[in-house]
Chemist: 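Below are the structure tokens for one structure; questions will follow.
The figures here come from the full heavy-atom set of this structure, side chains too, leaving out hydrogens, waters and symmetry mates. Naming: A, B, ... by sequence-line order, numbering from 1 per chain. The model shown is predicted, which means the values in this text are computed figures rather than measured ones.
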Amino acid sequence: METRTINDIEMEVVYQKPETLTETQMHYCPGCGHGTIHKILMEVIDDMGIQDRTVGVAPVGCSVFAYNYMNIDMQEAAHGRAGAAATGVKRVLPDKYVFSYQGDGDLAAIGTGETIHTVNRGENILMLFINNAIYGMTGGQMAPTSILGQITSTTPFGRDAAAIGYPLKITELVAHLPGAYFVTRQSVHTAAAVRKLKKAIEMSFRYQDRKKGTCFIEIVSNCPSGWKMTPLQANEWLVKNMFPLYPIGDIKVPKEI
Amino acid sequence: MIRGSVVVATDVCKGCELCIAACPQDTLALSPQINRRGYRYAVMVQDNCTGCINCALVCPDSAITVYRQPKVTKHALSPQAAAEKEN
Amino acid sequence: MENGTPKLMKGNEALAESAIRAGMQAYFGYPITPQSEVIEYLTAEVPKRHGVVLQAESEVAAINMVFGAAGAGARVMTTSSSPGISLMQEGISYIAAAELPCLLVNVQRGGPGLGTIQPAQGDYFQAVKGGGHGDYHMIVLAPASVQEMSDFVFDGFKLAEQYRTPVMILTDGALGQMMEKVILKPEGSLPYPEKPWATTGKPKSRERNFITTLHMESESMEEVNNRLQEKYKEIQKEVRYQLIGDKDADVLLVAFGLTARICSKAAEMAREKGINAAVLRPITLYPYPYTAVAEHAKNAAGVLTVEMNAGQMVEDVRLAVNGATPVHFKGRTGGMIPSPEEILVEIEAIANHTIHA
């Protein structure tokens, strides 16, 4: 273990950037949850030693460049089609660990059909769903998960249910499908939340060995730039406004231990 | 108290302050200086870090490496002491 | 099914059986008339033999499953018919951009819109001029018999892997549905090439593989386009065509697929009437046999292009002929198949016009 002498005291490293995260500096805005989620995902891959057996699929959205940061084999799929592309990968490489990494627009708007059918077939993959209630990449437009009253660049007067419908709780929706094996909702706004997410990701990869169905993790995350807040304000807003609608916790857990 | 320390990759840090909020010891603050990308970065302002790693866990840019003094148990011997005992 | 013995098979079934024999590792598709026999055959046969077969929730999903599986290094195929192929266009553009080998089959039906389930050739432009967004091409093979429906599966996979490009078999509902004698190639005759670029999990020994079609810097996007265009130049050498009849015919018929068969009957009837007519059948629609068309049209009195559409390939014929010879067009649409007799009328008109001229 690497040690270092600080103030004449020999200390050892207890936490550092995971090896499987590349040295490339991330393009994400300051405080964006994507970076934290990327890191934790790669940490799990390091801990499990599965870099050589993992294939990721990240489609269009802010995380479109995920392959620049994750030192694993990856595919960049068309917008909304990560579930289908990941199905294609997993079906021909059934013994590899396959995950999709999708935003709310990708997974719950343009790709809703693929999402539901991927889970309904019980594809043995992990779907990571980053829900920040806004379209970050294109400049802060309404997402399917934007909350009522939320001001975005396409709901300048606030999201109005009568005009544009309700926030889509797709995680609850997919949890009803028999193909869903493990469904949980997590976040990365505190260190404790990050630890829980790490556990959920690790379990999801382990569950892939069982070949019992899809693991689905929603991560309620932030978008300081899109929400036009500081990162700290964004995390407060998230707790106050998103958690009541998108409560953190397991939604469907495997019966067998 | 367990002694710890953090090293911030100052050129990677974007000054989002999430680590500052996550630190239970108020060890961290933003630097008065800016890095080469124009961000103020996180620095230790108190020598009271416990090495709890909370700051590093919430850091979106993986800019923080955390060090901690090894836990010493009654029976633990330093490598030198162990070598001497063997001889 | 023993090797080498002629079998009586439907075009769609011969194509499906050939895919298994050509070592197809995965098939993703969605039912649509008149190609549903392909997915039906494969869902029955593949589980008993080898590979993956999956009925997707849509053509959109199917083509993106093809993307994923091709990216993971598998020999993969999808089939559909006109409206379904339209749904796949975005995915085909991505596949071409990512340079993923795969085989696509369009068993065409009449359009536009939901159209009809009868055979047509109305997707020529879509297949050879792009279809999806951006500057890309795919190799397009046009079979004219059940035998070619079978053979072109092997050729298609081979070309796709050789050039890392999507290949389309552009056929129609008549060829898909008709039964003919066919000799199927044996299994295992198409070796698997190495695919060092595939996303199969990164070992320590190599850099990570990633498949992407996003290039934010204009310079690098142009570089990708230049590389693709270089590849398309190289692909020109794969041009294939068949000349049925005299190479110095007075009337040159140009037709692909099913209409080429009908044209060869019409040409035969014309020859019986003393008109020297021949048929040039492009087998590859991309790359297109421009040189061959120009060469054989040069000394003809007229060129007649016959298609089951309102006039699509005729534009390429005109490009090839470049004004040297008058180019005429006979088309039927909506699922109507031109008869040899009505084509003969056109041949005679061209021949007579020349005589009077």
Chemist: In terms of side-chain heavy atoms, does A:Ser221 have a donor or acceptor partner in A:Asn132 at a distance below 3.5 Å?
Modeler: no

Chemist: Are the side chain of A:Thr152 and the backbone N or O of A:Met142 linked by a donor-acceptor pair below 3.5 Å?
Modeler: yes

Chemist: Backbone N or O of A:Gly31 within a donor-acceptor pair of the A:Asn222 side chain at under 3.5 Å?
Modeler: yes

Chemist: Look at the side chain of A:Tyr246 and the backbone N and O of A:Thr145, then say whether any donor-acceptor pair between them is shorter than 3.5 Å.
Modeler: yes

Chemist: Measuring heavy-atom distances to chain A, does B:Ile64 have an atom under 4.5 Å in its side chain, in its backbone, in both, or in neither?
Modeler: backbone

Chemist: Taking atom CG of A:Leu126 and atom CD of A:Glu202, what is their separation to the nearest 0.5 Å?
Modeler: 12.5 Å

Chemist: Does A:Tyr101 form a side chain to side chain contact (heavy atoms under 4.5 Å, CB included) with A:His38? I'd like the steps, not just the answer.
Modeler: CA-CA 9 Å; A:Tyr101 186 106; A:His38 283 19; 3.1 Å; yes

Chemist: Can a side-chain donor-acceptor contact be found between A:Asp250 and A:Thr184 if the only test is distance below 3.5 angstrom?
Modeler: yes

Chemist: Tell me the residues of residues 51-59 of chain B whose non-hydrogen atoms fall below 4.5 Å from those of chain A, in number order.
Modeler: B:Gly51, B:Cys52, B:Ile53, B:Asn54, B:Ala56, B:Leu57, B:Val58, B:Cys59

Chemist: Check A:Pro144 against A:Gly105 and note the closest heavy-atom contact, atom names and distance.
Modeler: CD-CA, 4.1 Å

Chemist: Can you label the angle between the A:Trp237 ring and the A:Trp227 ring as parallel, tilted or perpendicular, going by 30° and 60°?
Modeler: tilted

Chemist: Of all the residues in residues 31-40 of chain B, which have a heavy atom that comes within less than 4.5 Å of a heavy atom in chain A?
Modeler: B:Arg36, B:Arg37, B:Tyr39

Chemist: If I compare all heavy atoms of A:Leu197 with all of A:Ser187, which pair ends up nearest, and what's the gap?
Modeler: CB-O, 4.1 Å

Chemist: Under 4.5 Å, heavy atom to heavy atom, which residues of residues 7-17 of chain B contact chain A?
Modeler: B:Val7, B:Asp11, B:Val12, B:Lys14, B:Cys16, B:Glu17

Chemist: Please check if the side chain of A:Gln150 supplies one atom and the backbone of A:Ala133 the other of a donor-acceptor pair under 3.5 Å.
Modeler: yes

Chemist: If you check every heavy atom in residues 46-70 of chain A against those of chain B, which residues fall under 4.5 Å?
Modeler: none

Chemist: Step by step, would you call A:Val44 with A:Lys198 a side chain to side chain contact (heavy atoms under 4.5 Å, CB included)?
Modeler: CA-CA 7 Å; A:Val44 172; A:Lys198 184 176 176 181; 3.7 Å; yes

Chemist: Measuring from atom CG of B:Asp26 to atom CD of B:Gln46, what distance do you get when rounded to the nearest 0.5 angstrom?
Modeler: 6.5 Å

Chemist: Sort out for me which of A:His34, A:Glu10, A:Lys39, A:Gln16 touches chain B most, counting heavy-atom pairs under 4.5 Å.
Modeler: A:Lys39

Chemist: Between A:Glu12 and B:Pro70 (side chain of the first, backbone of the second, donor and acceptor by atom type, cut-off under 3.5 Å), is there such a pair?
Modeler: no

Chemist: Could you check whether any side-chain heavy atom of A:Lys17 comes within less than 4.5 Å of a side-chain heavy atom of A:Glu23, counting everything from C-beta outward?
Modeler: yes

Chemist: Could you tell me which non-hydrogen atom of A:Lys240 sits nearest to which non-hydrogen atom of A:Pro244, and how far apart they are?
Modeler: O-CG, 3.2 Å

Chemist: In Å, rounded to the nearest 0.5 Å, how long is the span from CD1 of A:Ile151 to CD1 of A:Ile134?
Modeler: 10.5 Å

